[in-house]
Participant: 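One structure follows; several queries about it will come next.
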Amino acid sequence: SSNETGGDGADGPSFVLVTPNPIGVNDFLRLSVEGVENAAEEHGGTSSVYESSDPASIQQNMAAAVREAPDVVVAVGFNFADVLAQEAERNPEQQFLFIDSCTEESFPNVTCATFREHEASYLAGAQAGLLTETDHVGAVVVLDSPQFHRFSDPFGEGAAQTNPDVEFTQLFIGGQNPFNDPARAKELAGTLAGSGVDHVMGAASAAGNLGVFEAAEEGGFFAFGVDSNQCPASPGQVVDNVVKRTDVVIADGIDAILGGAPGDDRSYGLAEDGLSLSGLLDDASESQCTIAEHPEVIEEVAALRDRIVAGDITVVDPAGS
Amino acid sequence: MTIDPALFAAALRALTPILFAALAGALCQRAGVFNISLEGTMLVGCFAGVAGSWFSGSAWVGVLAAMAASAAFSLILAVGHVTLGADPIVLSVAMNMLAVGLTAFLLRTVFGTQGSFSDPALQGLGRVDIPLLADVPVLGPVLSGHSPLLYLSWLAVAGLAVLLYRHPWGLRLRGVGENPEAATNLGVSVTRHRYGAIVVGGALCGLGGAQLALGNVTLFAENMTAGRGWIAVVAVMLGLAAPIGVFLAALLFGLAEAFGFRLQAVGLPQQAADAAPYVVTLVALFLSSRRIRRRDEAKGTLTR
Amino acid sequence: MTDSTSDDPRGRPADAPDSSVDEQSPAVVLRGITRRFPGVVANDGVDLRVERGEIHALMGENGAGKSTLMSILYGALRPDAGEIELFGERVEPAGPAAAIAAGIGMVHQHFMLFPGLSVTENVIYGQEPVRRGLVDRAAARARVVELIERFRLGVDPDARVRDLPLGVRQRVEILKLLYRDTRVLILDEPTAVLTPDEVDRLFDVLRGLAAQGRSVILVTHKLGEVLAVSRRVTVLRDGRVAQVIPTAEASAASLASAMTGRDVELDIVHPPGSPGRPVLAVRELTVARRGGRPLVDSASFTVRAGEIVGIAGVAGNGQSELIEAIVGLRTASGGEVRVLDADVTRLRIAARRRAGLAYLPEDRGAVGSAPGASIAENLAAGFQRGSLRSRGGLLRPAAMHAHARAIIERFGVRAGDTRSPIRSLSGGNQQKALLGREITRKAPLLVVEQPTRGVDIAAVQAVHAELIACRDAGHAVLLVSAELSEIRGLSDRVLVCYEGRLVAELWRDEATEERLGLAMAGDS
Amino acid sequence: MTDVLRGRRGAVLIALGAAFVVATVLLAATGADPLRAYQALVVGAFGPDGFPGTLAYLVPVLGMAIALAIPLRAGMVNLGGEGQLVLGAITAVIIGLHSPLPAGFTVLLAVAGGVLAGASYAALAALCETSLGVPLLVSSLLLSYPAMSLASYLVRFPLADPGSSLPQSRRLPEGVALPGIGLGEVTIGLFAVLAVVVVFLVVDARTPAGYEVRMTGAGPRFAAYAGIDRPALTLRLLAASGGMAGLVGAIMVLGFPFRFIDGALISPQYTWIGLMAALLAGASPVGTALAAFFFAALTNGGFDMERVTQTPRELTAILQAVIIVFLAASTGLLRRRGGSR
Ligand SMILES: Nc1ncnc2c1ncn2[C@@H]1O[C@H](COP(=O)(O)OP(=O)(O)OP(=O)(O)O)[C@@H](O)[C@H]1O
Ligand SMILES: Nc1ncnc2c1ncn2[C@@H]1O[C@H](COP(=O)(O)OP(=O)(O)OP(=O)(O)O)[C@@H](O)[C@H]1O
Ligand SMILES: [Mg+2]
Ligand SMILES: [Mg+2]
């Protein structure tokens with residue numbers, strides 16, 4: 001569906017955001033909507049959102065967005081790679097902002113913004129390594145595919161960095177509907193706990209993570225969230241989150257395009273503040289994350305972040321070529 | 001990988017929602033209605049269960065709401081198929097689509113949220129420790145400490161078996177499924193019995209949904225049944241629509257799932273774990289049908 | 001009822017008066033019943049009166065409206081006009097349940113049984129004895145066993161109906177009525193699948209019931225049965241009552257002419273055939289059954305061109321299985337079947353048909369035809385890869401319809417549009433059409449099973465004439481029938497099947513009713 | 001006869017009218033302007049911008065509808081369309097990626113491979129029934145899941161696109177694609193599917209084989225009696241059905257985006273929508289095609305309705321389901337009128 005906002009900006013710039021999935025509770029997409037809306041407000045323009053549900057509708061929505069001929073078409077998610085490349089080639093006048101992925105070839109009218117999630121996951125793992133009492137951490141992951149390994153593998157490496165004895169196990173949800181199966185996610189988290197894991201990375205989708213947190217609450221272990229601050233969903237059980245600042249990134253990208261510098265490949269990691277942990281943000285004390293109770297861990301992890309930013313440590317991207 | 005009580009306890013939890021739905025499917029099958037709307041009907045139960053529990057503050061009100069809502073939802077199949085003669089497969093597929101849309105729509109309008117709803121204040125079903133049994137070494141951890149609906153599902157198996165094979169209503173229902181014309185001629189209403197089977201089945205699916213949303217977890221997420229209703233359809237086939245058979249079939253799925261989790265930890269690809277239950281089912285069907293076929297061959301009724 | 005002392009074969013009312021209030025009123029009175037179907041008036045102002053304790057025969061040609069009238073009485077169909085009175089009281093039609101409650105029961109010509117349920121379950125269905133809320137299975141079984149023994153029905157109460165032969169299933173239907181203590185029994189052609197002995201037994205049962213004051217309405221095409229067992233006869237013709245007479249005043253010829261509206265020659269004697277070369281040769285054919293004696297046990301015989309060989313036997317003695325093994329619907333476990341010079345034992349049906357076989361099966365509704373498909377499509381079966389194709393290999397719809405028209409005309413089938421479904425034809429007309437299809441194949445061997453079951457007199461005569469003509473044209477005919485008069489009237493030789501074995505082979509002149517009866521009882 | 005027909009038309013009109021009323025009420029209840037919504041739906045389905053999309057959607061929906069109608073004509077239900085579709089697609093991709101032949105030949109080979117893969121997998125389901133005694137309905141459904149898992153595994157590992165984190169195969173080489181017809185992303189695959197519809201129509205109505213299939217559907221025991229070899233027929237029909245599903249899969253990957261994306265052929269529910277179309281039409285070729293076209297237009301128009309009006313996307317799903325329920329009920333009513341009693 002579409003949502004148009006901004007009445008006063010009828011003659012300002014217009015933006016269309018196309019999502020790959022229904023927005024729902026997907027914090028990543030919600031932040032994107034926020035980002036586009038904020039940009040519209042800032043530049044005195046309008047924005048609308050086209051929600052897709054499957055590959056067929058992604059293609060439909062993208063074509064419709066181009067027909068609207070807004071100042072910028074914003075597409076979020078790697079699902080757009082092919083469609084965006086095609087439309088960009090056919091419509092050289094149209095500017096595109098591609099979030100979270102990039103086209104294989106580069107186009108002058110496509111601005112890409114990607115995240116180095118693995119850097120933040122690595123830091124979350126480091127926290128787990130410091131906090132674990134059983135020397136065993138794990139992850140519940142939506143699917144066994146490269147994109148999701150970016151959350152789980154670095155988590156294990158980070159833990160090993162701060163705690164050489166640590167053991168790491170990851171389990172995958174799979175099944176007929178991996179992105180919407182909180183019951184299975186919960187059962188998997190419980191299985192991990194049963195084998196001695198006491199800190200679990202929840203890379204189990206928006207709905208799945210709720211299952212992971214429930215298991216943590218019942219099993220008395222701890223979990224990590226992704227995308228946004230998930231600590232309020234299960235206060236006392238969620239240690240910290242890998243936060244992707246999509247809103248910041250979109251605003252940045254739109255500024256660049258309107259400012260006449262399109263076509264860049266922009267990468268956001270810890271250094272660019274595109275990624276962080278809730279515990280490393282200024283308002284960490286109000287986050288309801290348990291990490292706030294461990295200032296010494298925060299301190300140690302902050303130091304680790306600085307080393308990554310400085311380039312002393314390079315976190316391997318599991319999905320990278 | 002370790003085989004411990006927790007594995008079997010996990011299998012029992014995994015099987016419960018499937019079992020409720022499969023019992024519903026078996027009941028309908030016995031009445032001669034091919035019902036593949038279990039997935040959607042269960043999803044409606046998930047939503048109604050969470051809504052009922054949320055607004056009343058009692059998980060049991062949620063369970064009743066789930067039963068009522070799913071039973072009402074199943075009336076689409078009853079009216080459409082039994083009264084109007086529509087194809088049950090078409091109706092069921094449409095119902096499954098409708099359930100996804102409807103629950104998402106209601107989530108938006110009733111709870112003002114999208115994707116999922118959970119709240120620490122939402123009442124779940126909790127667990128029951130069974131006195132004495134809880135202290136038995138291996139059996140205790142497996143059988144005790146589950147959601148009350150899990151135990152209810154076992155009662156439902158027994159109840160349904162008695163109903164089908166010992167109660168007049170069950171006999172009439174089986175007759176309706178075997179030869180509706182003959183039943184009509186003996187003054188037994190095909191319509192009434194099929195409505196009964198579908199609506200009671202709906203209520204059972206509601207229980208399955210309530211167990212999933214208030215027992216296995218305590219939240220609602222769009223499309224959270226995640227194919228369990230389809231597994232139930234398969235379990236009905238494998239269990240030959242008999243309550244005990246269906247229970248065993250569902251147990252097979254529960255075990256396959258719980259084992260699959262653990263095998264992953266030792267390196268089994270997730271996709272192989274996903275496919276395993278279906279392959280196992282196919283083999284089981286093949287073995288059981290071979291027995292049936294040998295009997296038929298002996299009778300020489302094999303038609304070429 | 002076995003203790004009935006009534007010797008009167010026509011079931012006079014019992015001397016013991018019925019205890020109901022109005023004992024004079026008849027059991028059933030139908031007045032002015034009218035029922036229309038699109039294009040037909042199936043019942044047109046029909047009156048029917050059945051006294052208590054009376055066996056009343058209802059006769060009429062195929063399509064005369066008998067089934068419709070009975071369905072109305074039973075509540076399965078609503079009349080467009082007319083009224084129903086039961087035991088002196090006016091009733092409104094309110095469905096079978098109400099009819100059952102009022103004491104009416106019906107045995108349908110097409111059995112209404114639950115194949116997957118046991119005999120006992122079939123019998124008690126809808127009126128289960130209940131103890132503490134559950135079915136009292138012990139009481140149910142005891143009651144059923146008692147009825148089986150009292151009426152010598154010889155049915156295993158625990159058997160699954162799907163495992164029972166047709167003749168036994170009929171008895172299960174009767175058991176259902178006995179169990180329900182029915183006061184008015186409607187039987188739609190109940191003797192079609194019974195042997196003479198079983199027919200006698202059935203009639204004994206019916207007479208016993210009548211002696212108790214119950215009424216029986218017997219729907220049948222068979223003149224002999226009507227004369228033997230009924231007290232009065234109502235004859236329907238074209239949906240109207242043509243005649244109501246006491247049986248004592250009726251004769252076979254008068255009934256036949258009342259039904260058809262013209263004089264009918266009843267005792268046609270067909271001349272014998274002149275057998276030529278062997279067409280069908282069956283050697284030691286065996287069909288095994290696991291854990292029991294074989295269904296068919298080393299059957300050997302030959303059928304020659306230009307002769308009709310009849311197979312007689314009590315239903316359930318292996319005739320059906322023998323035929324199925326010959327035509328290829330069932331796998332033989334041993335022996336050999338040859339058609340002309342070809343060994344067809346291992347061939348599929350299609351190949352056997354190519355080798356020279358035509359076959360009219362017993363179950364014309366499910367095996368011999370696809371009821372919902374059109375007449376043209378049904379009659380095209382077996383010709384679709386032959387004469388109905390154009391040179392390009394495509395089926396020609398025009399040819400299909402012409403083919404159907406030709407069969408309809410040649411065999412006197414009463415049918416309208418060849419595009420309408422075959423189930424819209426009456427039973428007799430379906431039978432003529434299907435036989436026509438098989439004869440049109442001009443196959444050297446024609447196997448026919450129960451060719452005149454449930455078919456009216458005119459159709460019976462037409463079918464018989466066609467079979468004789470087929471034989472005289474030099475075809476070999478193998479005939480299976482439960483109708484002894486049919487077997488004797490048509491066959492040049494008769495084989496008797498008993499417990500899977502062929503126990504007797506009788507020439508035309510030797511095949512007297514007595515000798516056949518003895519052989520069929522296993523006493524050869 | 002004539003008044004029966006009049007009754008039928010009436011029933012369809014009543015059903016469509018009822019669906020329309022329910023839809024309007026639902027739309028109005030959520031504050032949308034129904035008129036504007038319907039306009040968007042029609043323009044989205046048939047307007048100059050929308051029609052290519054409808055055609056693009058028609059290819060898989062009609063293809064799968066015909067695939068499932070073929071065995072349904074004989075009363076056999078193939079519930080394994082998804083697995084056959086996916087296997088056809090993944091096979092075409094494997095051939096497309098690895099064939100050493102020139103692009104044109106590779107395309108032909110990929111299509112043939114897709115057809116063959118779908119056909120043999122469906123034939124396997126048929127063998128489960130004819131030789132192992134597992135009913136077709138069950139065997140086809142169950143076999144579908146391992147096929148999907150296999151494809152899913154292949155595109156995550158051996159065929160994975162190294163440049164993307166999406167579970168998708170590498171892109172087919174330049175030129176390994178079906179030519180477009182100048183309407184959006186629609187390729188000549190559309191004509192291939194339409195050609196199959198015509199062949200199905202002719203075979204069904206005018207050949208001995210079609211006659212035998214219909215008779216098997218009308219009366220399985222009659223067909224056996226008439227000498228129709230059911231096991232052989234089952235095998236052939238399922239192979240044809242699976243082959244068609246495989247063809248659809250191959251067409252889909254040989255068009256944009258020229259690769260196999262995990263789930264892309266499953267989540268739009270092509271198979272189930274196709275099955276519904278076939279069932280609603282009693283598997284008759286023309287009826288199935290019309291029903292498939294109706295669904296394709298409805299779905300594609302639905303996207304526009306979602307975008308143009310303020311209707312929440314859930315509402316579109318609800319509307320479609322409601323329309324299908326009413327359609328099913330009306331055809332049920334028809335069948336009942338036409339049948340006995
Ligand atoms: N359901 C129906 N729809 C249309 N016509 C019907 C229906 N039932 C009966 N008829 C017609 O009503 C007439 C009477 O049929 P009915 O079955 O009562 O005859 P019948 O005397 O029982 O014949 P038979 O000896 O063949 O059993 C026939 O012309 C028949 O075609
Ligand atoms: N849908 C229909 N359309 C038209 N006529 C029908 C239809 N259904 C049934 N009939 C008619 O109703 C009759 C069915 O009644 P019934 O069951 O007594 O036939 P039958 O018993 O097969 O015939 P018979 O007694 O000669 O064997 C048929 O004779 C047929 O003419
Ligand atoms: Mg009749
Ligand atoms: Mg009859």
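Throughout, a chain's letter reflects where its sequence line sits, starting with A, and its residues are numbered from 1. Remember, predicted model here, so these are calculated numbers, not experimental data. Just the heavy atoms: all of them, side chains too, but no hydrogens, waters or symmetry mates, feed the values below.
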Participant: How long is the straight-line distance from CH2 of Trp272(D) back to CD1 of Ile89(B), given to the nearest 0.5 Å?
Facilitator: 7.5 Å
Participant: OG of Ser152(D) to CG of Asp274(B): how many Å apart, nearest 0.5 Å?
Facilitator: 7.5 Å
Participant: State, yes or no, whether a side-chain contact exists between Tyr278(B) and Met148(D) at a heavy-atom distance under 4.5 Å.
Facilitator: no
Participant: Supply the atom-to-atom distance Leu154(D) CG to Gln271(B) CD, rounded to the nearest 0.5 angstrom.
Facilitator: 9.5 Å
Participant: Need one label for Leu141(D): side chain, backbone, both or neither, based on atoms under 4.5 Å from any heavy atom in chain B.
Facilitator: side chain
Participant: Hey, which of Val279(B), Leu98(B), Ile76(B), Thr109(B) has the most heavy atom pairs under 4.5 Å with chain D?
Facilitator: Leu98(B)
Participant: Non-hydrogen atoms of chain D under 4.5 Å away: do they reach the side chain of Val90(B), the backbone, both or neither?
Facilitator: both
Participant: Quick one: of Leu238(B), Val93(B), Asn96(B), Val79(B), who has the most non-hydrogen atom pairs under 4.5 Å with chain D?
Facilitator: Val93(B)
Participant: Which atom pair, heavy atoms only, marks the closest approach of Leu132(D) to Phe286(B)?
Facilitator: CD2-CE1, 3.2 Å
Participant: Does any backbone or side-chain atom of Phe157(D) lie under 4.5 Å from a heavy atom of chain B? Answer side chain, backbone, both or neither.
Facilitator: side chain
Participant: For Leu282(B), which atoms come within 4.5 Å of any heavy atom of chain D: side chain, backbone, both, or neither?
Facilitator: both
Participant: Got a second to check how far Ile36(B)'s CD1 is from Leu137(D)'s CG, nearest 0.5 Å?
Facilitator: 8.0 Å
Participant: Identify the two heavy atoms, one from Ala328(D) and one from Ala86(B), that lie closest to each other, and give their separation to 0.1 Å.
Facilitator: O-CB, 3.2 Å
Participant: Should Leu142(D) and Met237(B) count as side-chain neighbours, where that means a heavy-atom distance under 4.5 Å?
Facilitator: no
Participant: What is the distance from atom CD1 of Ile231(B) to atom OH of Tyr145(D), rounded to the nearest 0.5 Å?
Facilitator: 7.5 Å
Participant: Please look at Arg156(D) and chain B and tell me whether the side chain, the backbone, both or neither of the residue comes under 4.5 angstrom of a heavy atom of that chain.
Facilitator: side chain
Participant: Can you confirm whether Val138(D) sits close enough to Val234(B) that some side-chain heavy atom of one is under 4.5 Å from a side-chain heavy atom of the other?
Facilitator: no
Participant: Do you know the tightest heavy-atom contact between Val325(D) and Ala94(B)?
Facilitator: CG2-CB, 3.9 Å
Participant: With only heavy atoms counted, which part of Ile323(D) is less than 4.5 Å from chain B, the side chain, the backbone, both or neither?
Facilitator: neither
Participant: Are Leu280(D) and Asp87(B) close enough that some pair of their side-chain heavy atoms sits under 4.5 Å apart?
Facilitator: no
